[in-house]
Amino acid sequence: MRSRLRSFVSPRHRTFLSVGLVVVGGIIASCSDSSDGGGDGATGDSGNPTAMGSSTGGVTSSGATTGSGMANTAQGASTTLGPSASGNNSTAMGNSVGATSMGDSTSSGTALGDTGSGGAGPTTDGGTPTTGGGSGGVPECDASAPPAIDRLGLETVVQSNDMTVMVYALQAPGSDDWYLVDALGTIRVFSNGSLLPTPFLDVSDLVQDSTFGSSAPSGGSQGYDERGLLSIAFPPDYATSGKFYVTLIPTTISSDLTDHDLVLEYTRSAADPMVADPASRKVILDLEPGGDGYVEGNTFSYAKYHNASTALFGPDGMLYIGMGDGGGDCNAARPGVPQDINSPYGKILRLDPSKPEPYAADGNPFANDGDARVYHYGVRNPFRFNFDPANGDIYIGEVGQWSHDSVYFAPASAPGTNFGWPAFEGNTENPNPNGQCASTTDLRAGSTRQNPIFVLDHGSQGGVANLIVATVGGQVYRGSAIPELYGTYLFGEFYPNRPMRALYQCGSQTSEVIEIDKICDPNTPDAPCFTPVGDAPDLRQVGAIVRGNDGELYIPANGNALLKIVPVTAP
């Protein structure tokens with residue numbers, strides 16, 4: 001298979017399809033390394049390979065918003081995990097902060113499984129019971145059966161052709177506005193039913209087409225790779241500090257060896273709170289591809305791949321970064337560094353931007369014998385990850401190498417968890433017997449590996465092996481609008497012909513997984529699926545699954561739309 005690929009795709013373009021972001025029909029995707037250049041697999045409907053859903057030519061809104069909400073946002077000193085997060089000095093867990101309830105968390109819950117070693121992880125309080133494993137207030141959970149989901153609806157929040165590669169969206173604490181991240185270098189604000197004309201942040205001069213060439217999946221746009229502007233994170237005190245953080249991998253540097261993984265701090269403008277002050281830029285993380293075990297490829301740089309893709313604030317108020325292994329087939333760019341606690345690559349980092357450089361948060365597990373920023377390790381490409389707002393447990397979507405994609409889980413009480421890469425891919429120990437991944441890296445001495453809670457065998461499901469498999473880590477639903485979804489971990493895959501999925505994680509027990517089709521098929525009327533409500537487009541590509549300040553879940557979809565998951569009655 002690899003010999004066939006070499007006959008018509010250059011080595012540079014082969015790895016261009018490595019796990020990371022590939023534009024398909026105008027949207028960027030995190031996709032697995034492909035050893036097969038043929039087939040379609042990444043297209044939308046038959047005959048409409050770049051379908052992005054219906055275009056409004058402007059903006060549509062699912063309902064009224066209330067403006068920026070910055071003036072009346074109370075950023076609390078306490079984190080509330082109880083039935084409601086009310087009052088002016090409480091913040092709800094996770095990204096949904098302000099006076100937003102994340103749902104009842106009053107049950108005694110289920111004890112969590114293995115705990116990690118060392119360090120003080122995210123704390124929980126608010127009076128909810130604490131169960132085994134240190135994860136407080138876990139609601140009742142039963143992993144004996146999969147989630148009972150028949151059909152979920154999708155409503156349009158905003159859809160606009162002004163957005164071309166939207167991969168992320170987030171609300172600031174206490175605000176009804178949405179900040180929409182376009183990988184091509186802009187953040188736009190959707191406020192009071194309109195997309196504001198002036199970008200909140202514009203770094204598009206650093207993110208331009210980078211000669212993707214002819215190796216894009218069939219029907220996909222050319223001229224882009226997995227770099228760009230990939231996420232935004234607001235601290236709990238955003239209303240007063242005005243600070244926010246982005247992950248950025250520039251594309252316009254002339255030499256591949258000068259690509260950077262950047263986490264940047266900005267401050268909103270004092271003159272206009274809907275615009276960032278470009279002069280306020282401050283570097284929080286700057287990882288150059290050279291050094292730190294870097295091995296240059298023969299014909300191209302591996303540094304473009306498996307980057308710092310997601311930044312988010314955890315329930316403890318610290319800034320977490322999902323940092324990839326630096327690229328290359330089977331961790332070839334920096335061999336073994338995901339198992340090296342002295343390296344930031346292949347890690348989940350936990351930072352405190354209020355501290356001096358290197359901004360390591362207090363209580364991290366390797367502060368005395370490694371890189372003080374490292375919180376978890378042994379990952380390849382944690383493209384999207386999130387915390388359960390009820391207890392601070394972490395779920396990581398891991399985009400794998402040749403054979404498997406995975407979802408990793410660690411309870412809040414387990415800092416320093418080792419997820420195994422590159423010694424393992426999914427549950428397969430390397431070197432892979434079939435010769436696909438020849439890594440001989442061992443697990444870090446004295447450590448044990450945390451098994452994934454879900455493993456997807458690439459095989460040839462849905463089309464071309466590897467190429468169309470790209471896990472997008474999701475969210476545990478703690479909202480109130482969809483009772484049948486409560487407590488489920490919802491995650492998915494990027495490509496349009498690939499399903500979403502849901503499971504229960506109850507302590508150390510994982511339920512069976514159900515698949516949820518992105519588009520309902522009249523030939524399988526009983527299959528769980530998503531259905532558009534009103535003028536919403538079909539769900540095709542998924543950049544992320546995010547939580548709104550109302551506790552409900554939203555999907556930056558199709559490169560140009562933000563869709564809300566809503567209840568719907570099956571026909």
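Contact between L563 and A557 at its shortest, heavy atoms only, is CD1-CB, 3.8 Å. Nearest heavy atoms, E484 versus I149: O-CG1, 4.1 Å. The two residues V399 and T471 come nearest to each other via the heavy atoms CG2-O, 3.4 Å. The minimum heavy-atom distance between L319 and A311, with the atom names listed, is CD1-CB, 4.2 Å. Contact between P147 and I514 at its shortest, heavy atoms only, is O-CD1, 3.4 Å. Closest of all the heavy-atom pairs between T441 and A423 is O-CB, 3.2 Å.
Inspection of the S231 and T247 side chains reveals an N or O donor paired with an N or O acceptor under 3.5 Å. For the residue pair Q475 and N386, a side-chain donor N or O sits within less than 3.5 Å of a side-chain acceptor on the partner. Checked by atom type, the side-chain pair R444/Y377 shows a donor-acceptor distance below 3.5 Å. For Q505 and T510, the side-chain atoms include at least one donor-acceptor pair closer than 3.5 Å. Residues N331 and W421 have side chains that never bring a donor and an acceptor to within less than 3.5 angstrom of each other. Side chains of E552 and Y477: a donor on one and an acceptor on the other come within 3.5 Å. Checking N418 against Q339 by side-chain atom types alone, a donor-acceptor pair falls below 3.5 Å.
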Begin from the C-alpha positions of S439 and N430 and carry the test side chain to side chain donor-acceptor pair (under 3.5 Å) through to its verdict. CA-CA 6 Å; S439 172; N430 289 321; 5.1 Å; no
Test ring-ring contact (aromatic ring centres under 6.0 Å, His included) applied to F366 and Y375, step by step: CA-CA 8 Å; F366 305 112; Y375 193 71; 9.1 Å; no
Step-by-step side-chain contact (heavy atoms from CB on, under 4.5 Å) determination, V513 to F454: CA-CA 8 Å; V513 179; F454 171 77; 3.8 Å; yes
Audit row: I232, Y168, side-chain contact (heavy atoms from CB on, under 4.5 Å) steps and yes/no: CA-CA 8 Å; I232 185 172; Y168 203 72; 4.2 Å; yes
Walk me through whether F387 and Y320 qualify under ring-ring contact (aromatic ring centres under 6.0 Å, His included). CA-CA 10 Å; F387 295 93; Y320 289 76; 4.8 Å; yes
Candidate pair D316 and R350, rule salt bridge (Lys or Arg N to Asp or Glu O under 4.0 Å), full reasoning: CA-CA 10 Å; D316 57 353; R350 180 172 174 263; 2.9 Å; yes
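Looking at V476 and Y395, their side chains come closer than 4.5 Å, going by heavy atoms from C-beta outward. For the pair D517 and P528, the minimum side-chain heavy-atom distance is 4.5 Å or more. In this structure, the side chains of I555 and I565 come closer than 4.5 Å at one or more pairs of heavy atoms. When side chains are defined from C-beta on, Y359 does not count as touching R373, because their heavy atoms never get closer than 4.5 Å. The side-chain heavy atoms of V283 and L264, taken from C-beta on, include a pair separated by under 4.5 Å. Side-chain atoms of N427 and N451, non-hydrogen and from C-beta on, do get closer than 4.5 Å to each other. Side-chain contact check for D142 versus Y504: every heavy-atom pair is 4.5 Å or farther apart. By the 4.5 Å heavy-atom criterion applied to side chains, I249 and L262 are not counted as neighbours.
Using cut-offs of 30° and 60° on the angle between ring planes, the pair Y489 and F491 is parallel. Classified by interplanar angle (parallel below 30°, tilted 30° to 60°, perpendicular above 60°), the ring pair F234/F244 is tilted. Ring planes of F419 and H376: perpendicular class, angle over 60° (limits at 30 and 60°).
Remark: R478 engages D388 in a salt bridge, criterion side-chain N to carboxylate O under 4.0 Å. Remark: E493 does not engage K518 in a salt bridge, criterion side-chain N to carboxylate O under 4.0 Å.
By the neighbour-count criterion of 12 heavy atoms within 6.0 Å, atom CG of D369 is densely surrounded, having more than that number from other residues, nucleotides or ligands. No more than 12 heavy atoms of other residues, nucleotides or ligands lie within 6.0 Å of CD in E512, so this atom counts as exposed by the packing criterion.
In this structure, L490 CG and R501 CZ are separated by 11.5 Å, a value rounded to the nearest 0.5 Å. To the nearest 0.5 Å, atoms CD1 (I396) and CD1 (I348) are separated by 4.0 Å. Atom OG of S508 sits about 11.5 Å away from atom CD1 of I453, to the nearest 0.5 Å. To the nearest 0.5 Å, atoms CD1 (I284) and CD (E265) are separated by 4.5 Å. How far CG of D261 is from CG of L248: 9.5 Å, rounded to the nearest 0.5 Å.
In terms of modelled atom types and a separation under 3.5 Å, the side chain of K355 and the main chain of D362 share no donor-acceptor contact. Between the side chain of D182 and the main chain of V165, a donor-acceptor pair closer than 3.5 Å is present. Of the possible donor and acceptor atoms, one in the side chain of E398 sits under 3.5 Å from a partner among the backbone N and O of N381. Between the side chain of N364 and the main chain of A372, a donor-acceptor pair closer than 3.5 Å is present. Under a 3.5 Å cut-off, the side chain of S511 and the backbone N or O of P146 do not form any donor-acceptor pair. Judged by distance alone, with hydrogens and angles left aside, the side-chain atoms of T310 form a donor-acceptor pair with the main-chain N or O of F383 at under 3.5 Å. Between the side chain of N558 and the backbone N or O of R540 there is at least one donor-acceptor pair closer than 3.5 Å. Between the side chain of Q171 and the backbone N or O of G548 there is no donor-acceptor pair closer than 3.5 Å. Checking side-chain atoms of R384 against main-chain N and O of G543 turns up a donor-acceptor pair under 3.5 Å. Checked by atom type and distance alone, the side chain of D352 never pairs as donor or acceptor with a backbone atom of M318 at under 3.5 Å.
Ring centroids of Y245 and F313 are separated by less than 6.0 Å, placing the two rings close together.
Partners of R449 according to the salt bridge (Lys or Arg N to Asp or Glu O under 4.0 Å) rule, which considers only residues two or more places apart in sequence or in another chain, do not exist here.
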